[in-house]
Asker: 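I am attaching a structure below and will ask some questions about it afterwards.
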Amino acid sequence: MADALKEALRKAARQEQFLEVVDRDEAEARFRRHIAMAPLGEEAVPLAQALGRVLARDVVADIDVPSFDRASVDGFAVRAADVAGASDEVPRRLRLNTEILTPGVEPECDVAGETATVIATGGMVPRGADAIVMVEHSDTHDGDDGLAVEIQRAVAPGQFIQAAGFDIASGETVLRAGQVLSSREIGALAAVGLAEVFVWRKPRVAIFSTGDELVAPGDPPRPGGVYDSNAAILAAAVEELGGEPVRLGIARDNEAELTALLETALAHDIVLLSGGTSKGAGDLAYQVVSRLGDPGIVVHGVALKPGKPICLAVSHGKPVVVLPGFPTSAIFTFHEFVAPVIRAFAGRAPERRETVTAELSMRVASERGRTEYVMTSLVPREAGGLSAYPTAKGSGAVTAFGHADGFFRIAPQTETVPAGTTVDVTLIGAGHRLADLVVIGSHCVGLDMLIGRMTAEGYAVKALAVGSTGGLAAAKRGECDVAGIHLMDPATGEYNRPFLTESLDLVPGYGRLQGLVFRPGDARFEGRPVEVCMAAALAHPSCLMINRNSGSGTRIVIDRLLDGTRPAGYSHQAKSHNAVAAAVAQGRADWGVAIETVAQRYGLGFLPLQPERYDFVVPKARATRPPVLRFLELLRQDPVRAQLSDLGFTL
Ligand SMILES: Nc1nc2c(c(=O)[nH]1)N[C@H]1C(S)=C(S)[C@@H](COP(=O)(O)OP(=O)(O)OC[C@H]3O[C@@H](n4cnc5c(N)ncnc54)[C@H](O)[C@@H]3O)O[C@H]1N2
Ligand code: MOO
């Protein structure tokens with residue numbers, strides 16, 4: 001082995017310890033000790049650019065709104081005393097003054113006793129008048145002494161008059177500093193005549209990602225490549241919090257490149273990078289940040305999950321944070337440690353987090369020694385209250401945070417939390433909207449299409465992929481409206497029906513074809529009958545299979561096919577059709593079992609083994625809810641069935 005390669009290997013394999021893992025609150029305290037948690041300064045902006053900005057000063061009205069008494073109806077300005085007791089039978093006759101008070105016209109005549117002035121909605125109420133009579137309750141006459149009006153209704157003093165300042169009084173505080181300006185506030189600012197307002201300057205947040213594997217969205221994918229999702233989610237989150245993201249792109253795992261980018265980034269108010277903070281080969285980001293001083297890195301390693309390797313630094317009052325590369329770890333720790341700083345710099349009040357209680361739907365295991373935050377979906381229970389469905393994907397998934405309604409904490413010393421435990425779930429973002437239709441169970445592209453149609457019709461659908469068994473359990477507990485399942489009873493070979501209970505209905509879905517998948521052109525499989533393929537596969541120890549997880553419907557098919565034999569690769573269990581197809585397509589395995597639609601998606605060869613049924617379980621108690629009825633109706637419609645059949649399903 002060449003010396004250089006040997007040295008590189010030795011370096012990559014060396015264990016570099018975290019500096020010191022501290023608990024969350026201690027980490028936050030150390031970080032904030034060096035940061036002024038206050039707005040960065042104010043600036044005047046035109047009203048047209050004020051949307052979403054944060055007011056830096058209270059706005060006190062200089063004028064009354066309206067600035068004069070005005071009519072709120074079309075009719076006649078009168079003295080209420082002159083029309084007391086007026087009715088259709090006994091109208092009161094008033095002489096008309098010779099002016100017309102449309103809005104913007106300044107009155108010249110007083111309304112003296114026994115007179116009235118024509119006035120339009122928004123017109124200035126003339127001196128002498130104290131009420132307006134609606135035009136509907138009047139009749140005009142040509143009299144000897146000029147035009148007269150007969151009033152057929154009495155009015156109370158003040159009736160149909162909007163007094164000066166009734167909307168906003170001069171001297172009143174219209175809006176307070178710290179207010180985030182929405183369209184409504186902007187309307188009020190314009191009403192008091194302001195063309196510009198003082199707002200807090202937006203903190204400018206430099207964002208870059210680090211890693212040789214990262215690919216910018218829009219660029220072609222490459223083997224081992226990962227699209228840079230962290231920079232996108234962070235930039236959007238910064239904007240949501242009132243900051244201005246400045247994206248500096250991707251730095252390769254190269255010290256010079258990282259150092260140069262950090263230098264550029266330090267010209268902004270906050271520096272955020274992600275990746276390269278853990279112990280792996282190429283984790284350089286924290287090393288580069290460690291050269292900053294005054295004081296430099298204050299925390300590297302926090303006893304929480306997700307987010308253990310976060311690195312918090314401050315340099316000359318400027319926060320510099322290396323977020324973990326794992327997407328959910330990055331955005332979670334961003335919200336824990338960085339978001340409050342951005343809010344403070346932007347002049348926004350601290351976020352008030354809302355918490356709800358929910359009952360845990362399944363047992364959760366946790367690692368000792370770290371506070372774990374479990375990303376969770378919430379679904380309403382039949383019996384009232386909420387059920388918490390933990391997202392099993394972990395911090396490496398971008399959707400673990402993206403799809404969660406909130407999270408609950410598991411204390412560092414707890415190893416398992418049993419199903420049924422009541423947990424406090426902190427809601428993420430604007431909280432969760434209760435879904436019209438909750439679908440829990442096995443994922444299928446056919447189901448995706450049906451959900452898409454429901455969504456297009458305006459239904460809020462919550463779909464949780466927890467597998468057939470999980471879906472069935474959710475349906476039994478009354479936690480979903482529909483569960484998509486494909487479970488074969490090994491005794492009878494029948495799908496789905498044998499698993500029903502009294503309280504559940506089975507709605508026929510569609511058929512999917514299970515088959516052997518392999519790379520096209522593989523002579524061991526291509527164009528041969530299944531038995532011949534199996535004999536070939538079993539004869540060659542180098543022919544690797546990929547298995548499915550036990551408990552899955554497909555595993556039952558595989559075990560039947562193998563009839564007790566254990567070919568190479570049997571112990572490698574993938575959890576989905578897609579994972580099987582990807583392994584075969586990329587050459588990590590040579591064959592496996594998956595459904596036809598997935599095999600086609602990955603361009604794989606396919607040998608049919610057996611059809612399976614993908615059906616829908618509906619709790620009887622929910623079967624008549626309108627969104628459920630609509631879902632079932634869609635399933636019966638010809639265009640929908642045609643689309644399912646185009647997708648490769650049999651009906
Ligand atoms: N031996 C140990 N390994 C790891 C430990 C540990 O304690 N001992 N900690 C784990 C934990 S916890 C986390 S979190 C991760 C974070 O590691 P890094 O911050 O060094 O991140 P990377 O290694 O650069 O990347 C991890 C992962 O995330 C992907 N990634 C990175 N940047 C992006 C991005 N901008 N967009 C999308 N995905 C990104 C990257 O490709 C990797 O897959 O370390 C564990 N390891
Ligand atoms: O702490 Mo890491 O962020 O769990 O995956």
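Whatever order the structure lists them in is the order used to number ligands and atoms, beginning at 1.
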Asker: Is it true that atom CZ of R30 has more than 12 heavy atoms of other residues, nucleotides or ligands lying nearer than 6.0 Å?
Answerer: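 Counting neighbours around CZ of R30, more than 12 heavy atoms of other residues, nucleotides or ligands fall under 6.0 Å, so yes.
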Asker: May I ask you to check whether F518 and F606 place their ring centers less than 6.0 Å from one another?
Answerer: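 Not under 6.0 Å, so no.
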Asker: What atoms in ligand 1 come closer than 4.0 Å to a heavy atom of K308?
Answerer: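 Those of ligand 1 that fall under 4.0 Å from K308 are 7 (O).
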Asker: Out of S329, S229, A285, G276, whose heavy atom sits nearest atom 37 (C) of ligand 1?
Answerer: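 The residue whose heavy atom sits nearest atom 37 (C) of ligand 1 is S229.
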Asker: May I ask you to say whether R53 pairs ionically with E43, meaning some side-chain N is under 4.0 Å from a carboxylate O?
Answerer: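 E43 and R53: salt-bridged.
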Asker: Using a strict threshold of under 4.0 Å (side-chain N to carboxylate O), is an ion pair present between K462 and D405?
Answerer: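 A salt bridge is present here (some side-chain N lies under 4.0 Å from a carboxylate O).
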Asker: Under 4.0 Å from a heavy atom of K308: give me the atoms of ligand 2 that qualify, with their elements.
Answerer: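 Numbered from 1, ligand 2 contributes 1 (O), 3 (O).
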Asker: Under 4.0 Å from any heavy atom of E213, which atoms of ligand 1 are there?
Answerer: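 Numbered from 1, ligand 1 contributes 31 (C), 40 (C), 41 (O).
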Asker: Would you mind running through ligand 2 and noting each atom that sits below 4.0 Å from a heavy atom of S329?
Answerer: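 The atoms of ligand 2 under 4.0 Å from a heavy atom of S329 are 2 (Mo), 3 (O), 5 (O).
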Asker: Tell me whether T277 has any N or O atom under 3.5 angstrom from an N or O of ligand 1.
Answerer: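 So ligand 1 has an N or O lying under 3.5 Å from an N or O of T277.
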Asker: At a 4.0 Å cut-off, with the gap strictly under it, does some heavy atom of S395 reach an atom of ligand 1?
Answerer: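 False for this residue.
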Asker: With atoms numbered from 1 as shown, which atoms in ligand 1 lie under 4.0 angstrom from a non-hydrogen atom of D228?
Answerer: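 Checking each atom against D228, I get 34 (C), 35 (N), 36 (N).
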Asker: Please check if the side chain of S468 supplies one atom and the backbone of H486 the other of a donor-acceptor pair under 3.5 Å.
Answerer: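 Yes, the answer is positive, given that a donor and an acceptor are paired below the 3.5 Å cut-off.
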Asker: Find all atoms of ligand 1 within a distance of less than 4.0 Å from any non-hydrogen atom belonging to Y227, and give their numbers and elements.
Answerer: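 Taking each heavy atom of Y227 in turn, ligand 1 has 36 (N), 37 (C) under 4.0 Å.
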Asker: Tell me, which pairs form a salt bridge (Lys or Arg N to Asp or Glu O under 4.0 Å) where one or both residues lie in residues 335-351, sequence neighbours left out?
Answerer: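 Every salt bridge (Lys or Arg N to Asp or Glu O under 4.0 Å) pair that includes a residue of residues 335-351, provided the two are not neighbours, is R24-E336, E336-R353, E351-R353.
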Asker: Hey, which atoms in ligand 1 end up nearer than 4.0 Å to a heavy atom of V226?
Answerer: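 Checking each atom against V226, I get 37 (C), 38 (N), 41 (O).
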Asker: Check this for me - ligand 2, P324, N or O atoms closer than 3.5 angstrom, yes or no?
Answerer: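 No, there is no polar N/O contact under 3.5 Å.
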Asker: Nearest 0.5 Å please: distance from the OG1 atom of T328 over to the NE2 atom of H403.
Answerer: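 Going from OG1 on T328 over to NE2 on H403, the span is 10.0 Å.
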Asker: Heavy-atom contacts under 4.0 Å between L214 and ligand 1: side chain, backbone, both, or neither?
Answerer: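 The part of L214 near ligand 1 is the side chain, not the backbone.
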Asker: Could you tell me whether S395 approaches ligand 2 through its side chain, its backbone, both or neither, with non-hydrogen atoms closer than 4.0 Å?
Answerer: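 Answer for S395: side chain.
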Asker: I'd like to check which ligand 2 atoms, numbered from 1 as shown, lie under 4.0 Å from a non-hydrogen atom of F326.
Answerer: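 Counting from 1, the qualifying ligand atoms are 5 (O).
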Asker: Evaluate T210 against L258 for side-chain contact (heavy atoms from CB on, under 4.5 Å), listing each step before the verdict.
Answerer: CA-CA 8 Å; T210 73; L258 270 167; 3.5 Å; yes
Asker: Look only at the side chain of D212 and the backbone of D253, and say whether a donor-acceptor pair between them is shorter than 3.5 Å.
Answerer: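 Yes.
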Asker: Which ligand 1 atoms does S209 reach within 4.0 Å, using its non-hydrogen atoms?
Answerer: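 Contacts of ligand 1 toward S209, numbered from 1: 35 (N).
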Asker: Give yes if a backbone or side-chain nitrogen or oxygen of T210 is under 3.5 Å from a nitrogen or oxygen of ligand 1, and no if not.
Answerer: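 N/O-N/O distance below 3.5 Å does not exist for this pair.
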Asker: Taking distance alone, with N or O pairs closer than 3.5 Å, would you say A231 contacts ligand 1?
Answerer: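 Min N/O separation from ligand 1 is not below 3.5 Å for A231.
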Asker: Looking only at heavy atoms, which two atoms of V423 and A388 are closest? And how far apart?
Answerer: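 Taking every non-hydrogen atom into account, CG2-CB, 4.2 Å.
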